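First the structure, in the form of structure tokens, and then the observations on it.
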Amino acid sequence: MSTERYNAREAELRWQKVWDERGVFATRNDDPRPRYYVLEMFPYPSGRIHMGHVRNYAMGDVVARYKRARGFNVLHPMGWDAFGMPAENAAIERKIHPRAWTYDNIAAMRAQLKSMGLSLDWRREIATCDPSYYKHQQRMFLDFVRAGLVERKKSKVNWDPVDQTVLANEQVIDGRGWRSGALVEQRELTQWFFKITHFAQELLDALDRLERWPDKVRLMQKNWIGRSEGLLIRFELDPSTTPKGERELDIFTTRHDTLFGAKFMALSPDHPLATAAAEKNPALAKFIAECKRHGTAQELIDKAEKLGFDTGMKAIHPFDPDWKLPVYVANFVLMEYGTGAIFGCPAHDPRDLEFSNKYGLGNTPVVCPPGQDPAKFVITDVAYDGDGRLINSRFLDGMTIEQAKDEVARRLETTLHGNRPVAQRQVNFRLRDWGISRQRYWGCPIPIIHCEKCGAVPVPEQHLPVTLPDDVTFDRPGNPLDRHPSWKPVTCPACGGEARRETDTMDTFVDSSWYFVRFTDPWIAEAPTQREIADAWMPVDQYIGGIEHAILHLLYSRFFTRAMKVAGHVGLDEPFAGLFTQGMVVHETYQKADGSWAAPTEVKIEGADDHRRAALIATGEAVQIGPIEKMSKSKRNTVDPDDIISSYGADVARWFMLSDSPPDRDVNWTERGVQGAWRFAQRLWRLIGDCSEIAASAPAERPQAFGQSALDVRRAAHKALARVSDEIEKLHFNVCVAQIYELTNELSEAVNNAKQRTVTADLRWAIREAAEILVALFHPMMPHLAEECYAVLGHDTLVAQQEWPELEPDLLVEDTITLPVQVNGRKRADVTVARDADQQHVEAAVLALPLVQRALEGKRPKRVIVVPQRIVNIVA
RNA sequence: GCCCCUGUGGCGGAAUUGGUAGACGCGCCUGACUCAAAAUCAGGUGGUGGAAACAUCGUGCUGGUUCGAGUCCGGCCAGGGGCACCA
């Protein structure tokens with residue numbers, strides 16, 4: 001038995017079939033046990049799973065199986081984020097219908113996921129592109145319209161003038177459309193928005209209560225929401241310099257303390273005043289048009305050279321009627337933030353300084369850093385945005401920044417101009433409303449009908465879902481819905497007149513903003529949720545996914561859940577009580593002499609350490625081993641999970657994914673690592689086989705007393721049990737793996753010793769106990785092997801349905817402890833004392849140590865620090 | 001450009017959250033078994049010096065706080081994630 005090899009392929013299929021036939025992972029909503037909802041971010045059906053999925057789903061499955069063993073009714077579902085651009089790209093490039101492409105991919109990926117042996121309730125599978133799903137999404141859109149959470153307004157898009165289509169930021173490469181190569185323009189479209197800003201304060205405040213979220217994600221969201229307290233200031237304009245005699249310019253600032261350092265005003269190119277000024281100024285109009293040539297991505301706007309155009313208009317400083325400031329139009333001022341206009345203080349803002357230096361506007365430092373001589377403090381090319389005291393600022397001189405802000409606000413609030421205060425304190429958010437309109441076919445149709453007379457009319461609920469027409473073509477540019485002969489024209493539900501459907505579909509982030517609720521009851525046809533069931537399962541106890549979703553997906557889902565609450569579909573605000581963000585899967589890269597990349601399967605590695613060399617298997621040509629990078633098609637450094645599963649089995653793939661690297665960091669996929677995991681699986685199989693032979697004649701009853709060998713085995717098993725339980729709760733799977741290795745090493749030693757002498761009954765019993773604990777511990781990670789081993793140990797039930805072993809805490813307590821002894825913070829010796837020895841005893845024992853005596857050279861120690869149960873430090 | 005994270009032996013990493021740096025694994029070295037190889041088993045393995053005991057250096061760099069710093073604070077360097085139409 002013990003020399004036989006474990007046949008993963010055969011065993012895995014067999015156990016998957018057993019789980020399936022017995023419905024082991026089907027979750028009942030009426031199960032009375034406490035509930036636990038574990039969810040991994042559902043995949044986009046690209047066609048094949050990748051190693052990132054394997055890692056993500058292996059982690060979730062460990063949690064699901066562990067919580068099940070802990071007595072919870074576990075919800076662990078899977079679905080498909082099935083709308084999106086790649087389906088349309090496939091349609092354009094390969095003439096496959098997006099629906100067919102998507103469902104083919106889903107079928108392929110479902111089979112792959114099933115081969116991983118995940119403990120999923122497949123009966124709850126959903127695909128967001130299915131009308132039975134998006135029907136409810138359309139209904140909720142209308143609910144949100146009624147609740148005042150939806151708005152139509154203009155916003156900018158990347159427009160490809162050749163393909164006559166809107167481009168995603170990723171489709172804009174160096175300012176050109178990826179397919180057409182045409183220069184991209186900014187274009188304004190009227191679009192649908194969810195008013196996420198309505199919840200800005202709430203979304204910010206609630207972050208503090210998301211205690212089981214990583215701090216970094218909460219911080220990123222906090223910064224993204226970007227609450228700032230500032231001042232809205234009405235600058236008077238010199239009417240002789242403005243078109244149509246405009247008299248005022250509103251700006252928002254958080255640095256009103258620096259008002260005496262102002263050198264210019266700047267308007268966004270989209271600012272109405274800029275537009276008005278451009279009407280009579282062709283050069284300005286040309287400049288504004290030039291600004292719009294850039295894409296809409298924030299990164300590009302920030303990195304672009306700061307450019308401006310002097311409009312000739314003058315603004316008057318609020319504290320000095322004789323102080324006139326030039327008004328520029330500048331490419332770095334955003335219409336979406338504040339009022340779309342700023343005052344520029346070059347000395348204390350890096351962007352303003354770059355701008356000012358370019359146009360020779362000068363700068364006046366008005367905040368002096370501590371310890372600097374105000375008379376000598378000058379700014380050249382690095383703006384100072386730190387703390388300090390006000391200088392060159394008349395009545396503000398000497399104040400702190402906070403005092404100066406207060407003083408400026410107080411004075412301007414109480415100064416009236418035209419019966420209104422010149423300034424008012426204002427809270428501003430960086431967060432913008434969520435634009436959900438997409439000019440694409442493969443998405444959830446927005447259920448609105450446009451009528452000349454009645455405006456935008458909601459589709460009546462009994463007409464939902466508005467389904468996508470199947471008969472579409474992708475042979476021409478533009479949105480197929482827009483040019484469809486019969487889909488678009490409809491009668492107006494309000495007046496019965498001629499009308500047309502909204503041809504925009506929803507952002508796919510909408511689809512993924514509530515799927516987690518739908519899983520609680522995916523069968524109900526009448527409503528998005530079965531309220532009591534949704535409320536019973538939600539929030540998700542443990543959500544697991546990539547860090548790349550830290551902001552958008554998670555923030556949108558938090559908003560959507562609140563909106564669903566307003567509409568009465570759920571009774572909670574926060575969808576995810578616990579969040580875990582896992583790292584990526586990376587692999588080294590192989591580059592050929594001609595610069596092209598070779599796949600890991602094409603390469604043979606020789607040598608070790610610094611002497612590793614790689615060559616193409618086919619030709620023997622040497623290839624260069626490059627840096628370890630995220631697995632990607634472009635670098636060809638991907639490993640196909642199918643290949644791994646068919647050669648090593650799912651358990652080995654899962655085990656390797658969970659071992660070594662901490663789950664929140666990147667994991668480097670290596671062939672050697674997989675082989676190590678494979679050898680370990682075989683070793684476990686042999687070990688459990690040996691254990692079962694020894695255990696076969698073990699007493700059924702627990703012995704009254706245990707000898708030293710038996711006690712050692714039991715201690716090792718229970719220590720591992722305690723550590724693995726702790727670490728699995730914290731999702732530190734790599735530490736669990738290390739503990740399982742340790743227990744395996746210790747149990748192997750006991751078994752090897754047992755082979756060489758007669759084995760007492762108590763040791764047989766202890767070895768059986770340890771073997772069963774070991775199987776239970778690795779079951780969440782290698783479930784198939786665990787079932788196989790469990791059967792070998794003589795069970796006819798499933799380990800998947802077994803309770804977690806019970807810990808005997810007494811076994812973890814040692815009588816004596818060994819403390820490290822430091823002299824001046826440097827370890828010199830160990831001392832072994834009774835576990836409950838008091839400070840004096842420990843101190844005396846330590847000072848008596850020869851090594852300590854020698855280190856002290858006969859002198860008395862200055863201080864002895866005894867940290868109970870930890871360490872002793874002697875200060876000589 | 002802005003926001004966030006990470007940096008520990010040849011490699012992946014551990015370190016009870018301020019208390020023995022390098023657990024565990026990979027790799028490598030030595031031995032056992034074998035005609036031989038693989039597999040397996042046993043032992044060793046941070047650098048430098050030393051036969052050894054031991055000494056000394058050591059957690060990206062640099063400065064600080066502390067009896068004690070991988071861990072806390074300041075400044076740098078490098079790599080990665082996000083930046084609102086990729087999902």
Side-chain angles (χ1 to χ4, degrees), chain A residues 3 5 41 43-44 46 81 83-86 157-158 166-172 214-217 219-220 222-224 226 296-304 306 332 336 350-351 354 431-440 507-509 512 546-553 555-556 581 583-584 586 608-612 627 629-630 659-662 664-668 670 672-673 675-677 679-680 682-683 686 723 726 732 734-735 737-742 745 748 752 818-822 824-830 862-865 867 869-876:
Chain A
T3 51
R5 276 210 158 190
M41 290 178 185
Y44 179 80
S46 57
D81 189 11
F83 275 137
M85 287 200 310
V157 295
N158 301 310
V166 175
L167 297 176
N169 282 333
E170 71 158 11
Q171 296 174 320
V172 180
D215 287 341
K216 62 176 169 183
V217 175
L219 191 55
M220 279 191 263
K222 184 182 171 212
N223 290 335
W224 185 263
T296 57
Q298 188 61 45
E299 184 188 355
L300 294 173
I301 294 167
D302 283 345
K303 277 190 180 164
K306 308 280 175 284
F332 63 95
E336 290 84 4
R351 291 163 306 179
E354 189 186 331
L431 181 68
R432 308 201 295 257
D433 279 329
W434 174 12
I436 60 154
S437 291
R438 297 292 180 270
Q439 296 68 41
R440 307 191 195 289
D507 179 7
T508 56
F509 272 123
S512 56
I547 183 69
E548 66 274 18
H549 294 293
I551 297 175
L552 292 180
H553 163 59
L555 194 60
Y556 289 151
T581 52
M584 296 179 303
V586 296
D609 302 342
D610 293 343
H611 309 291
R612 295 174 72 240
E629 293 187 51
K630 176 180 178 169
S659 47
D660 290 356
S661 292
D664 54 348
R665 289 221 220 131
D666 293 350
V667 60
N668 184 19
T670 62
R672 276 177 176 157
Q675 284 166 359
R679 280 199 301 270
F680 182 66
Q682 294 297 336
R683 197 178 149 207
R686 284 192 308 272
R723 285 291 308 273
D726 274 3
H732 292 170
N734 58 322
V735 187
V737 165
Q739 290 300 316
I740 291 169
Y741 271 116
E742 283 195 49
N745 290 343
S748 297
N752 287 344
T818 300
L819 294 176
V821 178
Q822 296 183 332
N824 293 331
R826 191 170 278 280
K827 193 204 163 192
R828 295 292 161 179
D830 288 305
K862 286 202 193 109
R863 220 174 131 187
V864 179
I865 296 149
V867 184
Q869 316 281 315
R870 277 288 154 75
I871 201 168
V872 182
N873 191 15
I874 295 160
V875 186

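Reckoned from all heavy atoms, side chains included, excluding hydrogens, waters and symmetry mates. Numbers restart at 1 for each chain; the letters A, B, ... are given by sequence-line order, proteins then strands. Remember, predicted model here, so these are calculated numbers, not experimental data.
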Can you tell me the distance, in whole Å, between the CG atom of A/Asp660 and the P atom of B/G27? 11 Å
NA contact type, A/Asn824, heavy-atom cut-off 4.0 Å: base, sugar-phosphate, or nothing? nothing
Residue A/Arg683 excluded, over 12 heavy atoms near CZ under 6.0 Å: yes
Categorize A/Ala297 for me: base, sugar-phosphate, or nothing, with a 4.0 angstrom heavy-atom threshold over every strand shown. sugar-phosphate
CZ of A/Arg723 to CD of A/Glu742, rounded to nearest 0.5 Å, is 8.0 Å
Using whole Å, report how far CG of A/Asn734 lies from P of B/U8. 15 Å
So A/Gly435, base contact, sugar-phosphate only, or nothing? Heavy-atom distance under 4.0 Å. sugar-phosphate
State the syn/anti category of B/G13 according to its glycosidic angle, syn meaning within 90° of 0. anti
Output yes when at least one side-chain N/O atom of A/Ser661 is less than 4.0 Å from OP1 or OP2 of B/G12, else no. no
How long is the line joining NE2 of A/His549 and P of B/G82, in whole Å? 9 Å
Rounded to whole Å, please give me the gap between CG in A/Leu431 and C1' in B/C83. 13 Å
Closest to the A/Ile871 side chain, choosing from B/G1, B/U20, B/C67: B/U20
In whole Å, what separates the C1' atom of B/A51 from that of B/U34? 35 Å
Heavy-atom pair of closest approach, residues A/Ile301 and A/Phe332: CG2-CA, 4.4 Å
Heavy atoms only, 4.0 Å cut-off, all strands: where does A/Trp224 land among base, sugar-phosphate and nothing? base
Please classify the nucleic acid contact of A/Asn668 as base, sugar-phosphate, or nothing, using heavy-atom distances under 4.0 Å. nothing
Between A/Ile551 and A/Gln171, which residue's closest nucleotide on RNA chain B lies nearer the 5′ terminus? A/Ile551
A/Ser437 near the nucleic acid: base, sugar-phosphate alone, or nothing, with a heavy-atom cut-off under 4.0 Å? base
Could you work out the separation of B/G49 and B/G43 based on their C1' atoms and round it to a whole Å? 25 Å
Do you know which two heavy atoms are closest between A/Thr581 and A/Ile547, and how far apart they sit? OG1-CD1, 3.7 Å
Identify whether any heavy atom of A/Leu219 sits under 4.0 Å from a base atom; if not, whether one sits that close to sugar-phosphate; answer base, sugar-phosphate or nothing. sugar-phosphate
Sugar-phosphate only, base, or nothing, as touched by A/Lys216 at under 4.0 Å among non-hydrogen atoms: sugar-phosphate
Choose from B/C85, B/G80, B/U20 the nucleotide whose nearest atom is closest to any side-chain atom of A/Gln439. B/C85
Across all strands, who's sitting opposite B/C11 as a Watson-Crick or G-U wobble pair, both distances under 3.5 Å? B/G25
Using the closest heavy atom to pick a nucleotide of RNA chain B for each, name whichever of A/Val667 or A/Val872 lands nearer the 5' end. A/Val667
Please check the phosphate of B/A84 (OP1 and OP2 only) for any side-chain N or O of A/Arg432 closer than 4.0 Å. no
Ignoring the backbone of A/Leu552, work out which of B/C85, B/C83, B/U20 is nearest its side chain. B/C83
When you check the phosphate oxygens OP1 and OP2 of B/G25, does a side-chain N or O of A/Asn745 lie under 4.0 Å from one of them? yes
Just to be sure I understand the rule, does A/Arg665 reach a base, reach only the sugar-phosphate, or reach nothing, if contact means heavy atoms closer than 4.0 Å? sugar-phosphate
I'd like the P distance from B/G70 over to B/G60, given in whole Å. 10 Å
B/A39 and B/A32, which share atom name C1', separated by this distance in whole Å: 14 Å
I want to check one thing: is the phosphate of B/C85, taken as OP1 and OP2, less than 4.0 Å away from some side-chain N or O of A/Asn169? no
Base of B/C24 paired with side chain of A/Glu742 (donor-acceptor, under 3.5 Å): no
Donor-acceptor check, side chain of A/Asn158 to backbone of A/Leu167, threshold 3.5 angstrom: yes or no? yes
Euclidean distance, atom CD1 of residue A/Ile874 to atom C1' of B/U66 [Å, nearest integer]: 18 Å
Using the side-chain heavy atoms of A/Arg679, tell me which of these nucleotides is nearest: B/C26, B/U20, B/C85. B/C26
Check the distance between B/G68's P and A/Arg828's CZ and give it to me in whole angstrom. 15 Å
Using a 90° cut-off around 0 for syn, call B/U17 syn or anti. syn
If you go through the side-chain atoms of A/Arg672, does one of them form a donor-acceptor pair with the base of B/C11 closer than 3.5 Å? no
When all nucleic acid strands are considered with a 4.0 Å heavy-atom cut-off, which category describes A/Phe509: base, sugar-phosphate, or nothing? base
Nearest-Å distance once atom P is located in both B/U48 and B/G81: 36 Å
Pairwise P distance for B/C57 and B/A69, with rounding to whole Å: 13 Å
Measure the CZ-CZ distance between A/Arg5 and A/Arg686 for me, rounded to the nearest 0.5 Å. 8.5 Å
Write down the distance between CZ (A/Arg683) and C1' (B/C26), rounded to a whole number of angstrom. 14 Å
Would you please test A/Tyr44 and A/Thr508 for side chain to side chain contact (heavy atoms under 4.5 Å, CB included) and show each step? CA-CA 10 Å; A/Tyr44 179 80; A/Thr508 56; over 6 Å; no
I'd like the C1' distance from B/U17 over to B/U71, given in whole Å. 7 Å
Minimum-distance nucleotide (side-chain atoms of A/Glu170 versus B/C86, B/A14, B/A87): B/C86
The reported gap from CG in A/Asp507 to CZ in A/Arg440 (rounded to nearest 0.5 angstrom) is 10.0 Å
Find the distance between CG (A/Asn668) and CG (A/Asp660) and round it off to the nearest 0.5 Å. 10.0 Å
Report which part of the nucleic acid A/Pro662 touches: base, sugar-phosphate, or nothing (heavy-atom distance under 4.0 Å, all strands). sugar-phosphate
Any strand is fair game: report the nucleotide pairing with B/G49 by Watson-Crick or G-U wobble, both distances under 3.5 Å, or none. B/C54
Ignoring hydrogens and angles, are the base of B/C67 and the side chain of A/Asn873 linked by a donor-acceptor pair under 3.5 Å? yes
Mind checking who B/U40 pairs with, Watson-Crick or G-U wobble, both distances under 3.5 Å? B/A32
Base, sugar-phosphate, or nothing: which does A/Asp664 touch, judged by heavy atoms less than 4.0 Å apart? nothing
Dump the intermediate steps for side chain to side chain contact (heavy atoms under 4.5 Å, CB included) on A/Asn824 and A/Val875, then the final yes or no. CA-CA 5 Å; A/Asn824 293 331; A/Val875 186; 4.0 Å; yes
Of all the nucleotides listed (B/U40, B/C4, B/G25), which has the minimum atom distance to the side chain of A/Asn223? B/C4
Can you check the A/Ile301 CD1 to B/C85 C1' distance for me, whole Å? 14 Å
Nearest-angstrom distance, P atom, B/G27 to B/G18: 36 Å
